[in-house]
Structures are given as structure tokens and as C-alpha cells.
Q: 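Starting off with a structure, shown below.
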Amino acid sequence: MGNGKKTPAAGEMLQGTLDMLVLRTLVMGAAHGHTIAQVIEHTSEQALEVEQGSLYPALHRLEDRGLVSAKWGVSENNRRAKFYQLTAAGKRKLATETSRWRRMTRAIGLVLDEHGPGDQQSDSNSGGGL
């Protein structure tokens with residue numbers, strides 16, 4: 001499991017990515033904030049750290065946009081907690097954002113690839129570029 005230390009960039013997420021991860025986590029069912037954060041961190045093999053200062057504003061934003069609904073309940077340790085659930089609009093938004101994310105990561109992967117399909121030039125022969 002490593003030494004537990006994160007690289008300086010670990011846990012930093014692109015704008016909108018946390019919203020997508022929260023929506024994805026809620027596909028499994030209603031959950032309160034602490035559980036959402038734990039699931040994201042566990043599923044990412046601790047590569048993503050979800051801070052309360054980012055998570056709760058994201059949850060409120062998603063609720064304001066009608067992508068999640070919230071109701072008060074009792075957590076597994078008998079504490080009052082707000083439970084968030086994915087709405088139909090949230091499911092549609094998740095599908096759209098997941099598709100967009102996959103297109104973007106594919107495009108970035110193509111740029112990061114050495115030269116792309118059919119390009120036989122070496123780095124030293126590229127004629128400048130970026």
C-alpha cells in the first residue's frame with residue numbers, strides 16, 4: 001500500500017471531475033458525504049483524496065442543480081446525517097459527462113502518445129513543434 005504519502009498533484013482534480021465522481025458513486029445507492037468520500041478514495045486506490053471543503057460544496061451544487069436529492073437520516077454510527085441520492089437528471093448528466101470524459105482522455109492519450117498512427121518521425125526530426 002505504499003508509504004501513504006501523496007505526490008503534490010495527488011488529489012487535485014480537474015474542475016467538474018469531483019461532481020462526476022460523486023454522481024458515479026451514488027449509482028450504488030444513497031450515501032452520506034463521509035461514505036461518498038471513502039468510496040471515491042478506496043475505489044481510486046487512495047490516489048484521489050476528497051476533502052470536506054470540496055465535497056460538501058459539490059454536493060450542495062449537485063442538489064441545487066437537481067442532480068441529487070437529499071434527506072436526513074441516521075448513519076451507521078447512529079449520527080444524524082444527510083443522505084444523497086442520484087436523481088433521473090443526475091443519471092442523464094452522469095452518462096453525458098462520462099462519455100465526454102472518455103473522449104477527452106482518449107484525445108489526451110493520443111497527444112501524449114509518441115507520434116500517433118503512421119508517423120515515423122523521430123523527436124529530433126520533428127521540426128520544432130510545441
Q: Within this structure, what is the CG-CD distance for the pair Leu18 and Glu51, rounded to the nearest 0.5 Å?
A: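 Atom-to-atom, Leu18:CG and Glu51:CD are 11.0 Å apart.
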Q: Taking side chain as C-beta onward, heavy atoms only, is Val22 less than 4.5 Å from Leu59?
A: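 Yes, at least one pair of side-chain atoms sits under 4.5 Å.
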Q: Count the heavy atoms of every other residue, nucleotide or ligand shown that sit under 6.0 Å from CD of Gln52, and state whether that count exceeds 12.
A: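 Incorrect, the count does not exceed 12.
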Q: Can you check whether Arg80 reaches Val74 side chain to side chain, under 4.5 Å on heavy atoms?
A: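 Not touching, per the 4.5 Å side-chain cut-off.
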Q: Under a 4.5 Å side-chain heavy-atom rule over Ile, Leu, Val, Met, Phe, Trp and Tyr, are Trp72 and Ile36 clustered together?
A: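 Hydrophobic grouping puts Trp72 apart from Ile36.
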Q: Side chains of Thr17 and Trp101: closer than 4.5 Å at any heavy-atom pair?
A: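 Counting from C-beta outward, Thr17 and Trp101 do come under 4.5 Å.
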Q: Report whether Leu86 and Met20 are members of the same hydrophobic cluster (ILVMFWY, side-chain heavy atoms less than 4.5 Å apart, transitive linking).
A: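 Both belong to a single hydrophobic cluster.
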Q: Is there a side-chain contact between Val39 and Met28 in this structure, where contact means two heavy atoms from C-beta onward sitting under 4.5 Å apart?
A: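 Yes - at least one pair of side-chain heavy atoms lies under 4.5 Å apart.
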Q: Hydrogens and angles aside, do Arg102 and Thr98 bring a side-chain donor and acceptor to less than 3.5 Å of each other?
A: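 No, no side-chain donor-acceptor contact under 3.5 Å.
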Q: Leu62 versus Lys93: any side-chain heavy-atom pair under 4.5 Å?
A: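 Sidechains of Lys93 and Leu62: no contact.
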Q: Report yes or no: does Thr87 contribute a side-chain atom to a donor-acceptor pair with the main-chain N or O of Gly66 at less than 3.5 Å?
A: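 Side chain of Thr87 to backbone of Gly66: a pair is present.
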Q: So, the side chain of Thr43 versus the backbone of Ile40: is there a donor-acceptor pair under 3.5 Å, distance only?
A: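 No, because the side chain of Thr43 does not come within donor-acceptor range (under 3.5 Å) of the backbone of Ile40.
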Q: Should Glu63 and Lys82 count as side-chain neighbours, where that means a heavy-atom distance under 4.5 Å?
A: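 In short, these two side chains touch, coming nearer than 4.5 Å.
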Q: Angle class for the His60/Tyr56 ring planes (parallel below 30°, perpendicular above 60°, tilted otherwise)?
A: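 Ring orientation, 0 to 90° scale: tilted.
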Q: Are Leu48 and Leu26 co-members of a hydrophobic cluster defined by side-chain heavy atoms under 4.5 Å apart?
A: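 Leu26 clusters together with Leu48.
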Q: In sequence, state the C-alpha distance, the side-chain angles, and the governing distance for Leu94 and Lys91, and then conclude on side chain to side chain contact (heavy atoms under 4.5 Å, CB included).
A: CA-CA 5 Å; Leu94 176 60; Lys91 289 176 186 174; 5.7 Å; no
Q: Search all heavy atoms of Leu55 against all heavy atoms of Ala37 and return the closest pair with its distance.
A: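 Nearest heavy atoms, Leu55 then Ala37: CD2-CB, 4.0 Å.
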Q: Please enumerate all residues that pass side chain to side chain contact (heavy atoms under 4.5 Å, CB included) together with Thr96, with sequence neighbours excluded.
A: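 Residues passing side chain to side chain contact (heavy atoms under 4.5 Å, CB included) with Thr96: none at all.
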Q: Do Val111 and Met104 share a hydrophobic cluster, counting only Ile, Leu, Val, Met, Phe, Trp and Tyr and linking them when any side-chain heavy atoms are less than 4.5 Å apart?
A: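 No; tracing contacts between hydrophobic side chains, which count when under 4.5 Å, never links both residues.
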Q: In the structure I gave you, are the side-chain heavy atoms of Glu97 and Leu23 within less than 4.5 Å of one another anywhere?
A: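 No, their side chains stay 4.5 Å or more apart.
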